[in-house]
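Worksheet: one structure, shown below.
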Amino acid sequence: MALDDDIYQLRREKLKQIEALGQPAYPRKYDFSHTISQILAEYSDKTADGLEGSRVNVKIAGRIMAIRLMGKAGFAHLQQGGQRLQIYIKKDAVGDKGFELYKLLDLGDHVGVSGYLFRTRTGELSVHVDEITFLSKDLLPLPEKWHGLTDVELRYRQRYVDLVMNPEVREVFLKRGKLVQSLRRSMEAQGFVEVETPMMQPIAGGAVARPFVTHHNTLDMDLYLRIAPELYLKRLTVGGFDRVYEINRNFRNEGLGWRWNPEFTMLEFYQAYTDYRGVMDLTQQIVEQAAKDVTGGTRTKWGEDEIDWAGPNWRRMTMRDAIIHYWPEAAGAKPEISDFTSQQSVKSLVQRFNAAHRHIAYDPKEPAGKTIAGLFDAVAEEQLIQPTIISEFPTAVSPLSKQKPDEPDWTERWEIFVGKMEIANGFSELNDPEDQRRRFESQLKERERGDEEAHQMDEDYIRALSYGMPPAGGVGLGVDRLAMLLTDSHTIRDVILFPLLRPEKGFAAEDPEDFKNETA
RNA sequence: GGGCGCGUAGCUCAAUUGGCAGAGCAACUGACUCUUAAUCAGUAGGUUGAAGGUUCGAUUCCUUCCGCGCUCACCA
């Protein structure tokens, strides 16, 4: 981008000429009488005669998205609030100075106009302008007017331009806003209290992921950007907040992909005196309600498929049943429930699957439960388009969940899958401090085995549990992924306004080391 | 990180077998007082991502690098 190129200079020149006409270059305010959407809503069905009979005076503001000059008159389309309205400027009506100003306008400029509503010969609702006020200059040219901006990199880097040019992008983010609103409303309706817990944590806990590290100078300590708020929210249940939730960012230092961004938004909530089944039903309701609030119905398009969010369409099965159900024919006879009990039989399942289907990584030293979870991802996740709740996860991959009373290798935990994505995760919260210590210790063994993502020991968390945490169910819900599903967006970057990108050449940030030295 | 693909004017895209780098929109000048992808006449705009190589000649072929996209493996 050249800020000193010809068009930029030329438009600066025009801005000076506009000032010479007595219009400030960057005025402070403009008192409009209507938004464009209000006018479209109120007057779209009024006839030409009707508008002439009782004249409607309006004052609107917007960005010029199309402009046509014809000698001593002209048209333009103003865009505001994602809507467009045509204006008609006639030299006789706006005067010499007003018309001079109109001739100095460019695509992308902001103006305010006052006038009355009428219909043109072709019937388009328009404003017959009697006064133009200049509001702000667009010094850089907008992208081409009917293809818009399609270059994906530019769309993400210059989202402001993307939003001006592509109304469907604006729509996605309005829907995302409605989604978050709906989630908050559902939580509040159930008596949950919204809280904010640390983003910077001395121990990155509550999930299994690699964290980002940062440093606090005064305390001279490293801190982790949180990978989850979980352990803090559960401390709050110890403190007597029986129903708490937080909607905020988590940070995970992992790869990027169509459903992964290093920072992502999560709704996480904890409800005392219930278990995984209680929060399962609640989460299903919340999600179904969100679909209704965002889209107005319970059926949404998802690529080639249609997702039905209505209650009766939800399926529930255990992880083991899902592996059996979705077991590929090519991999031979379906597994039996008993195949999931011993290390040896799990290993042979993996071997059968790998031989027939595709290769999944397998480390014979890892716990059988971890292998089973990997097997589930490979066998079943790809098949789960319609809302499906998978329950009973291996204890080995669930260090914070309560075990099933009759099967200690399995936990009271579930996840919701929709459109081949995990969108929520909930469980009966482990509140026995001694059991929790043992789970952390076995995670530490995994860490020693080379699993960088295994959970760290958190002594203060165990101390909190030792004061007595009520029985509780807790849930994490991926807001970005739900937004993707409800807007038919097939990459997470289309529901994040400013996704992470490599820094642009020439726009590089200051070296953090320099900054450190300056402040030291 | 591996594999595949892409990078040409501000934007959207062309360029035959390796043979003069082009169009539309945007911009500039002029005409036009109901247009709407306004129209009409004219003008300007390029280190073809960068460096190197092959060749009489490279947007085109080769190598390296940079950037982007898709995809596979790990994470939600």
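Within every chain, numbering begins at 1; the chains are lettered A, B, ... in the order of the sequence lines, protein sequences first and strands thereafter. The structure presented is a predicted model; accordingly, all values stated were derived computationally and were not measured.
Which of B:U35, B:C32, B:C11 sits closest to the side chain of A:T120 comes down to B:U35. When the nucleotides B:U12, B:C74, B:U33 are ranked by their closest atom to the side chain of A:W260, B:C74 comes out on top. Residue A:L10 has its side chain nearest to B:A27 when only B:C68, B:A26, B:A27 are considered. If you check B:A38, B:U33, B:C75 against the side chain of A:K90, the one that comes closest is B:U33. Checked against B:A38, B:G67, B:C75, the side chain of A:R157 finds its nearest nucleotide in B:G67. Ranking B:C34, B:C11, B:A38 by closeness to the A:F118 side chain, first place goes to B:C34. The side chain of A:D151 sits closest to B:U12 out of B:C28, B:U12, B:A26. The side chain of A:Y88 has B:C34 as its nearest neighbour among B:A27, B:C34, B:G24. Closest contact between the side chain of A:K72 and the listed nucleotides B:C25, B:U33, B:U35 involves B:U33. Listed candidates were B:C11, B:C75, B:U35. Nearest to the side chain of A:F75 is B:U35.
Without hydrogens or angle criteria, A:R439 side chain to A:S398 main chain gives a donor-acceptor distance under 3.5 Å. Judged by distance alone, the side chain of A:Q158 and the main-chain N or O of A:V161 form no donor-acceptor pair under 3.5 Å.
The same atom, P, is picked in B:G7 and in B:A44; the two are 28 Å apart, to the nearest Å. Comparing the C1' positions of B:U60 and B:U16 gives a spacing of 11 Å, expressed to the nearest Å. For B:A21 and B:C13, the P atoms lie 24 Å apart once the distance is rounded to whole Å. B:C6 and B:G49 have their C1' atoms separated by 11 Å, with the value rounded to a whole Å. Between the P atoms of B:A23 and B:C40, the separation comes to 16 Å (whole Å). Comparing the P positions of B:C68 and B:C25 gives an interatomic distance of 32 Å, to the nearest angstrom. With P as the reference atom, B:U39 and B:C34 are 16 Å apart, rounded to whole Å. One P atom belongs to B:G45, the other to B:G2, and the distance between them is 43 Å to the nearest Å.
The base-pairing partner of B:A21, taking Watson-Crick or G-U wobble contacts with both distances under 3.5 Å, does not exist among the strands shown. B:U59 makes up no base pair with any nucleotide shown, lacking Watson-Crick or G-U wobble contacts both under 3.5 Å. Nucleotide B:U29 has B:A41 as its partner under the Watson-Crick or G-U criteria, with both atom distances under 3.5 Å. For B:C4, the paired base is B:G69 (Watson-Crick or G-U wobble, both distances below 3.5 Å). For B:U47, there is no paired base (Watson-Crick or G-U wobble, both distances below 3.5 Å).
Between the CZ atom of A:F251 and the C1' atom of B:C75 there is a distance of 16 Å, given to the nearest Å. Atom CG of A:L142 and atom C1' of B:C25 are 12 Å apart (whole Å). For the pair A:L256 CG and B:G1 P, the computed distance is 12 Å after rounding to whole Å. Rounded to whole Å, the distance from CG on A:L149 to P on B:U12 is 6 Å. Rounded to a whole Å, the CE atom of A:M266 is 15 Å from the P atom of B:C75. Here the P atom of nucleotide B:A27 and the CG atom of A:L105 are 12 Å apart, to the nearest Å. Atom OH of A:Y8 and atom P of B:A27 are 18 Å apart (whole Å). Summarising the geometry, the separation between CZ on A:R68 and P on B:A26 is reported as 11 Å, rounded to the nearest angstrom.
Seen from the ring of A:W410, A:R320 counts as a face-on cation partner, given the 6.0 Å and 45° thresholds. Remark: A:R413 is positioned above the aromatic ring of A:F393, its terminal NZ or CZ atom under 6.0 angstrom from the ring centre and at most 45 degrees off the axis.
Between A:K91 and A:H77, it is A:K91 whose nearest contact on RNA chain B lies nearer the 5' terminus. Nearest-nucleotide positions on RNA chain B for A:R119 and A:L154 put A:L154 closer to the 5' end.
Note on A:G257: nothing from the nucleic acid sits closer than 4.0 angstrom, heavy atoms only. Using a 4.0 Å heavy-atom cutoff across all strands shown, A:R210 reaches no nucleic acid atom at all. Residue contacts shown for A:G255 include a base, since a base heavy atom lies under 4.0 Å away. In this structure, A:N261 reaches the bases: a heavy-atom distance under 4.0 Å links it to at least one base atom across the strands shown. Nucleic acid contact for A:A209: sugar-phosphate only, since backbone atoms but no base atoms lie under 4.0 Å from a heavy atom of the residue.
Checked by distance alone, A:T150 brings no side-chain donor or acceptor within 3.5 Å of a matching partner on the base of B:U12. Side-chain N/O atoms of A:E153 and base N/O atoms of B:G67 include no donor-acceptor pair closer than 3.5 Å. Remark: the A:Q86 side chain and the B:U35 base include a donor-acceptor N/O pair separated by less than 3.5 Å.
Taking the six-membered ring where tryptophan is involved, the planes of A:H490 and A:W302 are essentially parallel, since the angle between them stays under 30° and well short of 60°. Taking the six-membered ring where tryptophan is involved, the planes of A:H455 and A:F440 are essentially parallel, since the angle between them stays under 30° and well short of 60°. Classified by interplanar angle (parallel below 30°, tilted 30° to 60°, perpendicular above 60°), the ring pair A:H128/A:Y116 is parallel.
Using modelled atom types, one finds a donor on one side chain and an acceptor on the other under 3.5 Å when comparing A:T265 with A:R176.
Salt-bridge check for A:E263 with A:R249: passed, with a basic side-chain N closer than 4.0 Å to an acidic carboxylate O.
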